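A quick write-up on the structure given underneath.
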Amino acid sequence: QCKEYTMWSWSAQAKVNPIPMVKAEGIYFWDANGKRYLDLNSQLMCSNIGHGHPKMIEAIKRQAEELSFAGPSMATRVRAEIGPLLAKHTPGNLKKFFFTLAGSEANENAIKFAKFFTGRSKIISRYRSYHGASQGSVMLTGDPRRWPNEPGMPGAIKIFDPYKYRSHLYQQGDTDESFSEKCLQQLEETLMYENPHSVAAIVIETVTGTCGIIVPPQGYLTGLRKLTQKYGILLICDEVMCGLGRTGEWFAVDHWNVVPDIITMAKGLTSAYLPLGAVAINPQIAHAFDEKPFSGGLTYQSHPMCLAAAVANLKIMEEEDIVGNSKRMGLIMAKLLADLKEKHPSVGDVRSIGLFGVIELVSNRKTKEPIAPYNSTSEPITKLTAFFKEKGIYSFVNGHLLHTNPPLCINENELREAFAVVDEALKITDNYVTN
């Protein structure tokens, strides 16, 4: 009946083969046949505190009994509570929040804030990026999910990523700082051709998510911040995936002590128990709307049920040191990833920060040829994903990129359990290596 009556996202409907998921607890979930899966991708990089947390469930129940809905023009107890609780952890002076129901909506409204505040029309984002599926955010998106939606929002400009493994700008022996400088020079050249005074914002995933866990090299974010300030351009950091502890800090920008003008968030904000996104803005942007209206809104903006889930989620994260665990387990995961790279010839590169990781699979290490073509799959990838499903590992494989993004509550034994299966699975892709 699920397939008969409902549409599935990003899929050819006749080819959908979903797992019939019936319950979940901690880092595991079970299907209708009783088979257990270790959730190596936190569903969609969102179940950060783990599944079925009793404190979260109780908080949602209490809010349903107290007040299940209030319109966006209402003040509520939970709306008052979420603000200072979230502001404790957002970087610098980003203490004013506009709540949405998803990351895509958060990015959509970030575009509005940027354009309204600056009076400019263009938005720059990167090719290896995903920012959402709604009409504006999908135009920010660089990956092929944008293509069927074109033409869309005008003024969406793309730049290349600081992607050392595949960038033509990177030369063997370059330091992070010198590579960053090359990337920023290329960006500034793009600004010159586009007219920097027509650009409202540069939007980046602080750490790139589904397009490959691209961790910015040292010097890149600080240099980018200086560049945006030079031309009066807003810096928007999309932390829908990488925020709320995923990288081992509350927000990924904290690793580089950079404070953007706007941060967007979702997923880990409630650990996906209920849908919620948010736009965090600085005081200058907030005060611009003191006397003139902000032309944006949603029926479910600041929905009390969703805010209650966020409050409970943040308290659980604090009480159980979820961010600290992400950092500690992230160090272990980085070593496990490095061991896989050393052992398996089909592993071209591994990258991670906290519990945000990827294995880049290649058929030839020398040429770096991906084991699956861009925006497609291949026989070894099909076999790899089937093996994971057979062994009870829920994985996310995007083309030739195998992601390792477990719930942030995972412990060392559970992490090693998952990676033992990954180690075994990579024998499949090793068989397709040509060098």
Side-chain angles (χ1 to χ4, degrees), residues 8-12 15-21 27-29 31 33 35-45 47 128 130 143-145 165-166 208-214 241 333-352 355-407 410 414-435:
W8 304 79
S9 56
W10 309 119
S11 302
K15 296 180 181 180
V16 170
N17 184 27
I19 296 172
M21 183 177 175
I27 67 161
Y28 301 102
F29 67 89
D31 68 17
N33 298 313
K35 183 173 183 175
R36 190 187 76 172
Y37 294 82
L38 190 153
D39 192 350
L40 192 55
N41 198 55
S42 308
Q43 291 303 293
L44 278 175
M45 300 89 163
S47 300
R128 294 182 183 271
Y130 178 72
D143 82 12
R145 284 173 283 190
Y165 184 65
R166 294 196 179 274
T208 301
T210 55
C211 291
I213 316 298
I214 301 170
M241 287 189 193
M333 189 172 82
K335 177 64 167 61
L336 293 169
L337 287 167
D339 290 346
L340 293 177
K341 182 179 179 181
E342 184 176 345
K343 179 177 180 180
H344 294 281
S346 62
V347 177
D349 196 25
V350 294
R351 297 179 292 276
S352 69
L355 287 172
F356 207 28
V358 76
I359 300 168
E360 185 154 352
L361 298 169
V362 297
S363 57
N364 186 310
R365 273 191 173 181
K366 185 176 180 180
T367 65
K368 301 181 182 179
E369 181 182 354
I371 208 161
Y374 187 67
N375 195 35
S376 188
T377 188
S378 63
E379 183 178 293
I381 290 298
T382 300
K383 289 183 177 179
L384 182 75
T385 53
F387 181 85
F388 281 130
K389 190 172 183 179
E390 177 192 342
K391 295 295 182 179
I393 296 289
Y394 181 69
S395 62
F396 177 72
V397 182
N398 182 20
H400 69 297
L401 301 168
L402 168 58
H403 287 255
T404 59
N405 308 310
I410 197 168
E414 293 164 339
L415 195 58
R416 292 186 182 279
E417 173 193 342
F419 270 78
V421 180
V422 175
D423 183 23
E424 188 179 354
L426 291 176
K427 295 174 184 176
I428 296 169
T429 50
D430 289 345
N431 289 329
Y432 289 82
V433 171
T434 59
N435 58 320

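Hydrogens, waters and symmetry mates play no part in the numbers below; they use all other heavy atoms, side chains included. Note that the structure is predicted; figures quoted are calculated from it, not measured.
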If only atom types and distance count, is the side chain of D430 paired as donor or acceptor with the main-chain N or O of S346 below 3.5 Å? yes
Minimum-distance pair of heavy atoms, taken over all atoms of S11 and V16: CB-CG2, 3.6 Å
Using 0.5 Å steps for rounding, measure from the CG atom of D339 to the NE2 atom of H344. 9.5 Å
Please give me the minimum heavy-atom distance between S376 and A372, naming the atom from each residue. O-CB, 4.0 Å
Is the closest side-chain heavy-atom distance between T210 and R145 below 4.5 Å? yes
Quick one: which residue pairs count as a salt bridge (charged side-chain N to carboxylate O under 4.0 Å, His left out) with a foot in residues 381-401, not counting sequence neighbours? E379-K383
Donor-acceptor pair, S42 side chain versus P406 backbone, under 3.5 Å? yes
Answer yes or no: is there a side-chain heavy-atom contact under 4.5 Å between L415 and M333? yes
Less than 4.5 Å apart, side chain to side chain, heavy atoms only: is that true for F419 and L337? yes
Contact between L402 and V422 at the side-chain level, heavy atoms closer than 4.5 Å - yes or no? yes
Looking at S352 and G357, what are the two nearest heavy atoms and their distance? CB-CA, 3.8 Å
What salt bridge (charged side-chain N to carboxylate O under 4.0 Å, His left out) pairs are there with at least one residue in residues 419-429, not counting sequence neighbours? K343-D423
Spell out, as yes or no, whether a donor-acceptor pair under 3.5 Å connects the side chain of N33 to the backbone of K35. no
At their closest point, which heavy atom of A418 faces which heavy atom of I393, and how far apart are they? CA-CD1, 4.1 Å
Is there side-chain contact between T377 and T385, with heavy atoms separated by less than 4.5 Å? no
Is it the case that the side chain of R365 and the backbone of V433 share a donor-acceptor pair, with hydrogens and angles ignored and the cut-off at 3.5 Å? no
Nearest heavy atoms of Y28 and L38, plus distance in Å: CD2-CA, 3.8 Å
Does E414 reach the side chain of P407, with side-chain heavy atoms less than 4.5 Å apart? no
For residues 379-400, the ring pair (Phe, Tyr, Trp, His ring centres under 6.0 Å) pairs (sequence neighbours left out) are F29-Y394, F396-H403
Gap between atom CG of L40 and atom CG of N405 - 0.5 Å precision: 7.5 Å
Pairwise distance CD1(I27) to CD1(I410) - rounded to 0.5 angstrom: 4.0 Å
Determine, for R36 against E417, whether the closest basic-nitrogen to carboxylate-oxygen distance falls under 4.0 angstrom. yes
Minimum side-chain heavy-atom gap Y432-L361 below 4.5 Å: no
Matching residue for E360 among K341, K368, R351 - test: salt bridge (Lys or Arg N to Asp or Glu O under 4.0 Å): R351
Between T208 and F356, which heavy-atom pair has the shortest distance, and what is it? O-CE2, 4.0 Å
Distance (rounded to the nearest 0.5 Å) between T404 OG1 and L336 CG: 9.5 Å
